[in-house]
Protein chains: 2
Amino acid sequence: MSPTMNSAQQRQRAKDDYDAFLATCPSRQLLDRISDKWITLVLSALEDGSLRYSELARQIAGVSQKMLTQSLRNLERDGLISRTVTASVPVRVDYEMTELGQSLFGIVLQLKQWAESNMNVIISHRDEFDSRN
Amino acid sequence: MSPTMNSAQQRQRAKDDYDAFLATCPSRQLLDRISDKWITLVLSALEDGSLRYSELARQIAGVSQKMLTQSLRNLERDGLISRTVTASVPVRVDYEMTELGQSLFGIVLQLKQWAESNMNVIISHRDEFDSRN
DNA sequence: CGGAATCCACTTTGATACTG
DNA sequence: CAGTATCAAAGTGGATTCCG
């Protein structure tokens, strides 16, 4: 990469370089990671600000400790959420979206809302398909 | 549901009724289905119009026959794509997004592009996280 | 060409128990 | 409270084979 390339150009170049259609492209793995029910629900739950671990667990009904923790760690590692530990007794841990996380939140929230909004029409499509076959 | 409710009201009601945060809500399963790498890539591949099975397989590098067929069947059953068979020798099968499919396409394409655009910054976040731990 | 069907390795996930 | 560790169960996905 040329040293004379500014950051806007670098972003543009990055956009050109990565292609999720390619099996070995890193963005394929990233797409796989963010195309995830729990990731979507965790980010959606953090819409209105930070939440504690137990609050997240309550809001995302049916999530196991393991999956919640794993999702939170991955999101933290990728820089999408921040984790703040308050050393009290008992300890308090808060999670909050970063700016980068919010940019993904804007997309996955649409996904969640799309599922909720189109559930009825999809049920009817399934009924029709199943009765034809 | 009241018989005096018009379709717009029904849609509004549907939006209110379904909540993917609830473990047993059907929209939770739908969210799980559409939060899928292959679903995203298939819809993205159909951006410019219909494609044959083999063309899809070529564009979505690394997808197995099984996963491609499974994804196409699910998308067809949910009414997101249409499947057209031309009875020639050999047979020709074309897939094309429906209007409903295009509404989801608008979202999953953002997801794919987000992954491609933010790969670099996420790699640096991972490096930083891993070096701290 | 466009699948369907089978087998099986691997991964993912959930329950359970335990801990700082 | 907020996890970690472990194990078993379930699901996913790939390779292979066969078919209209």
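Per chain, numbering begins at 1; letters A, B, ... match sequence-line order.
- B:Thr98 places a side-chain N or O within 3.5 Å of a backbone atom of B:Leu80 that can act as its donor or acceptor partner.
- Taking B:Ser71 as the reference, B:Trp38, B:Ile39, B:Val42 meet the side chain to side chain contact (heavy atoms under 4.5 Å, CB included) condition, with sequence neighbours excluded.
- Separating the CD1 atom in B:Ile122 from the OG atom in B:Ser117 is a distance of 10.5 Å, to the nearest 0.5 Å.
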List the steps and the verdict of side-chain contact (heavy atoms from CB on, under 4.5 Å) for B:Leu56 and B:Leu46.
-> CA-CA 8 Å; B:Leu56 281 167; B:Leu46 292 174; 3.9 Å; yes

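- A salt bridge (charged side-chain N to carboxylate O under 4.0 Å, His left out) check over residues 76-97 of chain B, counting only residues at least two apart or in different chains, returns the pairs A:Arg126-B:Asp78, A:Asp130-B:Arg77, B:Arg33-B:Asp78, B:Arg73-B:Glu76, B:Arg92-B:Asp94.
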Begin with the C-alpha distance, continue with both residues' side-chain angles, and end with the deciding distance and a verdict on side-chain contact (heavy atoms from CB on, under 4.5 Å) for B:Leu41 and A:Leu31.
-> CA-CA 9 Å; B:Leu41 291 174; A:Leu31 177 61; 3.8 Å; yes

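- Near DNA chain C, meaning a heavy atom under 4.0 Å away, the residues from residues 61-83 of chain B are B:Gln65, B:Lys66, B:Thr69, B:Arg73, B:Arg83.
- First and last contacts of DNA chain C with chain A, using any nucleotide atom under 4.0 Å from a protein heavy atom and ordered 5' to 3', fall at C:dT13 to C:dG20.
- Stem analysis of DNA chain C (at least three stacked-register Watson-Crick or G-U pairs, each with both distances under 3.5 Å) gives C:1-20 with D:1-20.
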Hey, can you pull the donor-acceptor pairs under 3.5 Å for the side chains in residues 84-91 of chain B, sequence neighbours left out?
unit_1	atom_1	unit_2	atom_2	d
B:Ser88	OG	B:Pro90	O	2.8

Apply the test side-chain contact (heavy atoms from CB on, under 4.5 Å) to residues B:Gln70 and B:Lys66: give CA-CA distance (whole Å), side-chain angles for both, the deciding distance (0.1 Å), then the verdict.
-> CA-CA 6 Å; B:Gln70 195 176 101; B:Lys66 179 178 176 175; 4.1 Å; yes

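- Residues meeting the side chain to side chain donor-acceptor pair (under 3.5 Å) test with B:Trp114, sequence neighbours left out: A:Ser103.
- Separation of atoms CD (A:Gln29) and CG (A:Asp32) is listed at 7.0 Å; rounding is to 0.5 Å.
- A cation-pi arrangement, defined by a distance under 6.0 Å to the six-membered ring centre and an angle within 45 degrees of its axis, is absent between A:Lys112 and B:Tyr18.
- Although no hydrogens or angles enter the test, the distance criterion places no donor-acceptor pair under 3.5 Å between the side chain of A:Ser27 and the main chain of B:Ala115.
- Using a 4.0 Å heavy-atom criterion, one finds that B:Val93 contacts the sugar-phosphate atoms exclusively.
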List the steps, then state whether side-chain contact (heavy atoms from CB on, under 4.5 Å) holds for B:Val108 with A:Leu111.
-> CA-CA 8 Å; B:Val108 296; A:Leu111 213 56; 4.1 Å; yes

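- Side-chain atoms of B:Gln110 come within 3.5 Å of backbone atoms of B:Gly106 as a donor-acceptor pair (strictly under, hydrogens ignored).
- Once rounded to the nearest 0.5 Å, the distance linking CG of B:Asn74 with CD1 of B:Ile81 reads 9.5 Å.
- Where DNA chain D meets chain B (any atom under 4.0 Å from a heavy atom), the bounding nucleotides read 5' to 3' are D:dG13 to D:dG20.
- Considering only residues two or more places apart in sequence or on other chains, A:Glu128 meets the side chain to side chain donor-acceptor pair (under 3.5 Å) condition with A:Arg132.
- Among residues two or more places apart in sequence or in another chain, the side chain to side chain donor-acceptor pair (under 3.5 Å) test is passed with A:Thr69 by A:Tyr53.
- Of the residues in residues 21-46 of chain B, none has a non-hydrogen atom less than 4.0 angstrom from any atom of DNA chain C.
- Using a 4.0 Å cutoff on non-hydrogen atoms, no part of residues 47-55 of chain A comes near DNA chain C.
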